[in-house]
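A, B, ... follow the sequence lines: proteins, then strands. Residue 1 opens every chain. Quick caveat, the model's predicted, so the values are computed rather than measured.
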There are 2 protein chains.
Amino acid sequence: MTFHLDEFLPYRLSVAASQISRRFAARYAKEAGLTIPEWRVLAHLDHSGAVSVRDIHARVNLDKSMVSRAASRLEKAGFLRKSGHDTDRRLIVMELTPAGRDLMARLGQVATGFQAELLSELGEDAAALDRALRQLASRG
Amino acid sequence: MTFHLDEFLPYRLSVAASQISRRFAARYAKEAGLTIPEWRVLAHLDHSGAVSVRDIHARVNLDKSMVSRAASRLEKAGFLRKSGHDTDRRLIVMELTPAGRDLMARLGQVATGFQAELLSELGEDAAALDRALRQLASRG
DNA sequence: ACCATGTCATTGCGGATGCAACGATCATAA
DNA sequence: TTATGATCGTTGCATCCGCAATGACATGGT
């Protein structure tokens with residue numbers, strides 16, 4: 001009846017997550033050397049259009065400071081553009097430049113391909129994993 | 001056909017993992033303020049008996065340096081004892097003290113309870129999640 | 001015995017990360 | 001209007017983490 005870390009869900013989840021992140025990072029490293037926060041910001045902006053730091057912070061599970069720093073790096077690299085909000089001057093409005101959308105188009109390909117690969121490895125358990133992740137993520 | 005981060009497995013896995021880690025950390029914070037590496041070392045030592053840093057490093061998905069530092073903190077806190085190996089003096093043999101086993105007994109309760117809670121939340125998808133995590137973790 | 005190579009634990013270091021200020025700006029109510 | 005409190009993005013800081021280098025020790029071949 002002794003406790004086994006190998007069978008402990010939080011541990012296994014954490015190991016699997018970092019494993020998969022590594023695999024994916026190896027793929028997109030060939031397209032662009034982005035960090036994970038940069039990748040998330042890029043991906044979110046691509047389909048959200050022009051939004052604020054706070055928006056991304058709330059939807060992408062990144063601290064405000066992470067979003068801010070990642071955005072600054074992406075700006076310096078020419079992938080995104082910041083501008084002020086028309087009526088609320090506290091807000092920063094960010095959107096991708098053409099170069100940013102271009103990069104995301106290529107990374108989206110890589111990501112979609114990788115996802116397909118994972119799903120085929122998972123086989124018939126994929127649907128259950130989907131439900132399980134949704135359930136686990138729902139409890140704040 | 002635009003890419004959606006919300007449906008991307010590596011992202012969702014990462015979010016779920018940190019979510020669950022937070023929930024669990026909140027539980028065991030009441031028993032002892034351990035970091036995750038410390039918790040992993042403690043848990044592993046509890047059922048492995050006396051082993052070396054390298055042993056833990058290999059089995060618990062922690063960098064050697066992490067294991068080393070976590071072990072030092074646990075030693076200072078009185079939960080583990082280091083000693084030299086009889087014949088190979090490069091090796092450090094680590095094992096829990098009675099206080100360490102005592103702490104682990106309590107934390108094991110917490111962990112087991114938390115695991116049961118998670119499994120009941122997952123319902124019938126638990127078995128598939130188990131297989132999926134095993135599959136995802138297997139590809140180095 | 002001697003040397004080259006390999007393994008072990010620790011330590012330094014750079015970068016990443018989360019949290020808590022901070023200054024600037026807005027919203028609300030008296 | 002003014003004052004109070006909330007919200008926004010940025011920055012400082014302390015910590016955490018991974019990688020590489022280090023020094024101590026062991027092993028195998030000659």
*Looking across every strand, which nucleic acid part, if any, lies under 4.0 Å from B/S18 by heavy atom: base, sugar-phosphate, or nothing?*
nothing
*Does the distance from a Lys or Arg side-chain N to an Asp or Glu carboxylate O, for A/R23 and A/E121, drop under 4.0 Å?*
yes
*Could you run through nucleotides 5-13 of chain C and give me one letter per nucleotide, 5' to 3': B if any protein heavy atom sits under 4.0 Å from the base, S if only the sugar-phosphate is that close, - if neither?*
-BBSBBBB-
_Contacts of A/A17 that satisfy side-chain contact (heavy atoms from CB on, under 4.5 Å) - sequence neighbours left out_ = B/L13, B/A17
*asked:* Whole angstroms only, please: what is the CG-C1' distance between A/D86 and D/dC8?
replied: 16 Å
_Holding to side-chain hydrogen bond (donor to acceptor under 3.5 Å, both in side chains), I want the full list of residues that pass it with B/S72, two or more places apart in sequence or in another chain._
B/K82
*Quick one: side-chain contact (heavy atoms from CB on, under 4.5 Å) partners of B/S65, sequence neighbours excluded?*
B/D63, B/R69
_Going by side-chain contact (heavy atoms from CB on, under 4.5 Å), name the residues that satisfy it together with A/A58, two or more places apart in sequence or in a different chain._
none
*Electrostatic pair A/E117:A/R27 at N-O distance under 4.0 angstrom*: yes
*For atom CD1 of A/I56 and atom C1' of D/dC8, their distance in whole Å*: 14 Å
*How close or far is atom C1' of C/dA16 from atom CE of A/M66, stated in whole angstroms?*
6 Å
*Who pairs with B/E31 by side-chain contact (heavy atoms from CB on, under 4.5 Å), at least two apart in sequence or on another chain?*
B/R106, B/L107, B/V110
*Of the residues in residues 42-51 of chain A, which ones touch DNA chain D at a heavy-atom distance under 4.0 Å?*
none
*All ring pair (Phe, Tyr, Trp, His ring centres under 6.0 Å) counterparts of A/H57, not counting sequence neighbours*: none
*5' priority, DNA chain C, between A/I36 and A/R89 [closest heavy atom]*: A/I36
*Listed by chain and number, what are the side-chain hydrogen bond (donor to acceptor under 3.5 Å, both in side chains) partners of B/Q135, not counting sequence neighbours?*
none
*In chain order, what residues pass the side-chain hydrogen bond (donor to acceptor under 3.5 Å, both in side chains) check against B/D125, with sequence neighbours excluded?*
A/R131
*Over how many whole Å does the gap from A/E75 atom CD to D/dG9 atom P extend?*
14 Å
*Quick one, which residues of residues 24-32 of chain A touch DNA chain C with a heavy atom under 4.0 Å?*
none
_Qualifying side chain to side chain donor-acceptor pair (under 3.5 Å) pairs with a residue from residues 91-104 of chain A, counting only residues at least two apart or across chains_ = A/R81-A/E95
